[in-house]
Amino acid sequence: MKIAKLEIFDTLSESEKELDTSKKIRIYLCGVTVYDEAHIGHARTIIVFDVLRKFLESKENMVEFIQNFTDVDDKIIDRAQKEGATAYDISVRYIEEYFRDFDALNVKRATRYPKATEHIKDMIALIDSLVQKKIAYVSKNGVYFAVSRFSDYGKLSKKKIDDLISGSRVDVDETKNDPLDFALWKFSEESPLWDSPWGKGRPGWHIECSAMSIKYLGENFEIHGGGRDLIFPHHENEIAQSESFTSKPFAKIWMHVGMVTINGEKMSKSLGNIRTVKYVLQKYGPNIIRLFCLSGHYSKPIDYSEDLLKENIVKWRQVETCYYELLLAEGKNQSNPIGETVLQCSTEFDSALSNDFNTSLALTAFFKLVKEINRLAADELLSKSIAEKAFPELERMISVLGLAIPKITSDEINSINQLIKKRESLRQQKKYQEADNIREQISKMGIELIDHKNRTAWMKKEKIQSDIS
RNA sequence: GGUGAGGUGGCAGAGCGGUCAUGCGUGGGCCUGCAGAGCCUAUACAAGGGGGUUCGACUCCCUCCCUCACCUCCA
């Protein structure tokens, strides 16, 4: 079933804009510069877009999702020099690390991950066109985009050129015609470098996204996204380059994700307050991180704290319980006390996400269903037939949110069932100590028993290091 | 200084011109051999300050205060 109407707040027009879902939805997300470990700030942006994409796909939309790797950059070169490695070595290493982290976070791989270094020709072609149009000029240190030649400059970040100049902290560079002009191509004699019609060197940062998004998604695609901190100058410059090149509006919707803060301050390497994805993954696992990252509206900042992460452990346990209660439900029950709730929660879930992608409200709907199922389960009102109604919808929400229930094998199931039987008979004989020993034994397999009045259910618990219980 | 986003109960966090979600936490009770899960119930002056509009504002307008982000690289 397709979504009736999906609206996303567009930074450029400062209003909610309807996403055209009549055909393939093209999304370009500015990815990471691969010079170091990814942190939770990166993770939030990428998880938000991952859920957006999964939501769209769950609604039968075709999505083409492109996320770049910036693999040529001053930071990469610095890092390489420090380590006596090549820039290439560094970027290859951190791309590998990237996939290790984000596969573990259950992020679906993008349609493709273009790299800057593999698109030098496309960038040169774009720059060349701008030079021909006299929108870019060749100077002593490189090729620059002349901001004065693009009258809409500042439209995305709502900045006025005069304000930018007066408040500017940019180093005065006499070789530029205007302090605001930015580099499209930087001359250099040191590796990594490529030939260009203007001289050896490497591309500026912004041009890669213009070149690659246009190449893979066309000149006017649906959504261009990234962290809020990219609005200026990165996305502003992309607009200037791209629209000067194509003479068409660039992305239809600009979607920006709020920063992850820590003690109220932006998480960033330069402030030295980052928590790497690896660190948090090890302590909390992917599901807790995802619930945390989706707990507030994507456009607002979210403050990292271990207390909040821990709060999500409780919630995650409820999801696991719910999943297994449905999985193991048995027996017949004519009445269906849950059909309405399922439909209602499902509708609320979709409408929350359709209304500027409100994951916070969507989670409320999701947990409403989870709690209702758990309540029925506790009262032994779940039956196979009810489970069959609720399960697909629950699984759909779980998969849209990108959560992953720990898998269980049929061998495990068999041995668990046997142990439960044994424990049951011991309990009937009131041999509680022995029964508890078996519960302990099962618990070591990562299984928690849930005693109901007439039968014992169980669930497989994800191992979470920071879970005190 | 400029631009933008915010300030909601112990914490997190939505929506909304009128009945102020929801979750976590906390108190009491129930269920259980115990534990977990679950249930019932209670809990909070909730809205940064001050004006205004309105029959009525947390929600609209003005003003002041505060926080954060961007203006250099940044998701």
Side-chain angles (χ1 to χ4, degrees), chain A residues 11 14 29-33 35 38-49 67 70 73-75 78 154 157-160 162-171 180 205 225-234 236 256-261 264-271 274 291-292 295-297 299-303 305 307-308 310-315 317-318 320-322 324-325 348 352 355 358-365 367-368 370-371 373-380 427-428 430-433 435-436 439-440 443 448-453 457-459 461 469:
Chain A
T11 309
E14 297 179 280
L29 175 64
C30 284
V32 294
T33 300
Y35 76 105
H39 59 69
I40 289 298
H42 301 117
R44 152 122 111 150
T45 299
I46 285 157
I47 286 168
V48 164
F49 275 86
Q67 183 185 323
T70 298
D73 172 90
D74 291 351
K75 286 184 176 175
D78 288 349
S157 54
K158 320 298 171 205
K159 292 186 190 306
K160 292 190 183 70
D162 293 347
D163 297 339
L164 279 170
I165 293 167
S166 62
S168 178
R169 281 180 271 166
V170 181
D171 296 335
L180 293 180
W205 173 35
R228 289 205 90 84
D229 52 354
L230 296 186
I231 293 173
F232 191 89
H234 187 55
E236 193 71 68
H256 291 104
V257 179
M259 296 294 98
V260 173
T261 59
E265 272 192 323
K266 178 179 168 182
M267 185 180 283
S268 73
K269 266 217 96 181
S270 48
L271 288 170
I274 61 161
L291 287 173
F292 169 72
S295 65
H297 193 264
S299 65
K300 290 191 183 177
I302 188 169
D303 201 54
S305 85
D307 282 347
L308 289 179
K310 281 179 182 142
E311 200 174 290
N312 283 299
I313 296 178
V314 176
K315 297 185 184 182
R317 295 307 182 204
Q318 295 172 347
E320 289 177 322
T321 306
C322 173
Y324 277 94
E325 289 283 10
E348 284 174 13
N355 188 2
N358 193 328
T359 54
S360 178
L361 263 188
L363 282 174
T364 300
F367 280 103
K368 192 163 145 191
V370 166
K371 285 187 150 286
I373 291 168
N374 287 348
R375 190 180 68 78
L376 290 172
D379 293 343
E380 291 199 275
R427 287 177 78 202
Q428 270 164 20
K430 298 204 195 291
K431 294 181 179 169
Y432 292 121
Q433 188 56 51
D436 287 352
R439 180 164 63 194
E440 185 55 30
S443 146
E448 182 165 311
L449 298 183
I450 308 165
D451 284 334
H452 295 314
K453 267 206 179 78
W458 52 266
M459 65 182 227
K461 288 175 80 176
S469 65

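Predicted model, so just to flag it, every value in this text is computed and none were measured. Note on naming: letters A, B, ... go to the chains in the order of the sequence lines (proteins, then strands), and numbering restarts at 1 for each one.
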## Note on the structure
Here the distance between atom P of B/G2 and atom CZ of A/F232, to the nearest Å, is 17 Å
### Query
What is the distance from NZ of A/K453 to P of B/C39, rounded to the nearest Å?
14 Å
Kindly say if [X] contacts the phosphate of [N], meaning a side-chain N or O under 4.0 Å from OP1 or OP2.
{"X": "A/Q318", "N": "B/G38", "result": "yes"}
{"X": "A/Q433", "N": "B/C34", "result": "no"}
{"X": "A/K310", "N": "B/G25", "result": "no"}
{"X": "A/N358", "N": "B/G15", "result": "yes"}
{"X": "A/K368", "N": "B/A21", "result": "no"}

### Query
Who is the Watson-Crick or G-U wobble partner of B/U54, with both distances under 3.5 Å?
none
### Message
I'd like to know if A/K75 pairs up with A/D78 as an ion pair, taking the criterion as any Lys NZ or Arg NE/NH1/NH2 lying under 4.0 Å from an Asp or Glu carboxylate oxygen.
### Response
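Looking at A/K75 and A/D78, the cut-off is not met.
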### Message
Looking at A/E348 and A/K368, is any side-chain nitrogen of the basic one under 4.0 Å from a carboxylate oxygen of the acidic one?
### Response
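Between A/E348 and A/K368 there is a salt bridge, with a charged N closer than 4.0 Å to a carboxylate O.
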Taking only the [atom1] atom of each, what is the distance from [N] to [M] in whole angstrom?
{"N": "B/A5", "M": "B/C62", "atom1": "P", "result": "13 Å"}
{"N": "B/G7", "M": "B/A12", "atom1": "P", "result": "12 Å"}
{"N": "B/U3", "M": "B/C64", "atom1": "P", "result": "14 Å"}
{"N": "B/G18", "M": "B/G4", "atom1": "P", "result": "28 Å"}
{"N": "B/G6", "M": "B/A14", "atom1": "C1'", "result": "15 Å"}
{"N": "B/G9", "M": "B/U41", "atom1": "P", "result": "25 Å"}
{"N": "B/G15", "M": "B/C55", "atom1": "C1'", "result": "24 Å"}
{"N": "B/C66", "M": "B/A44", "atom1": "P", "result": "32 Å"}

May I ask you to say what [X] touches in the nucleic acid, namely base, sugar-phosphate or nothing, with a heavy-atom cut-off under 4.0 Å?
{"X": "A/K371", "value": "sugar-phosphate"}
{"X": "A/V257", "value": "nothing"}
{"X": "A/M267", "value": "base"}
{"X": "A/K430", "value": "nothing"}
{"X": "A/L361", "value": "base"}
{"X": "A/E448", "value": "sugar-phosphate"}
{"X": "A/T11", "value": "nothing"}
{"X": "A/E325", "value": "nothing"}
{"X": "A/H297", "value": "sugar-phosphate"}
{"X": "A/S360", "value": "sugar-phosphate"}
{"X": "A/K160", "value": "nothing"}
{"X": "A/R439", "value": "base"}
{"X": "A/G296", "value": "sugar-phosphate"}
{"X": "A/Y432", "value": "base"}

N/O donor-acceptor pair, side chain [X] with base [N], under 3.5 angstrom:
{"X": "A/K315", "N": "B/C24", "answer": "no"}
{"X": "A/D303", "N": "B/A12", "answer": "no"}
{"X": "A/D451", "N": "B/C34", "answer": "yes"}

#### Entry: Closest to side chain of A/K158, choosing from B/G23, B/A37, B/G4
B/G4
#### Entry: Nucleotide nearest A/K300 when distance is taken to its side chain, options B/G38, B/A35, B/G6
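Of all the options, the side chain of A/K300 is nearest to B/G6.
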### Task
Look at the side chain of A/D303 and the backbone N and O of A/G264, then say whether any donor-acceptor pair between them is shorter than 3.5 Å.
yes
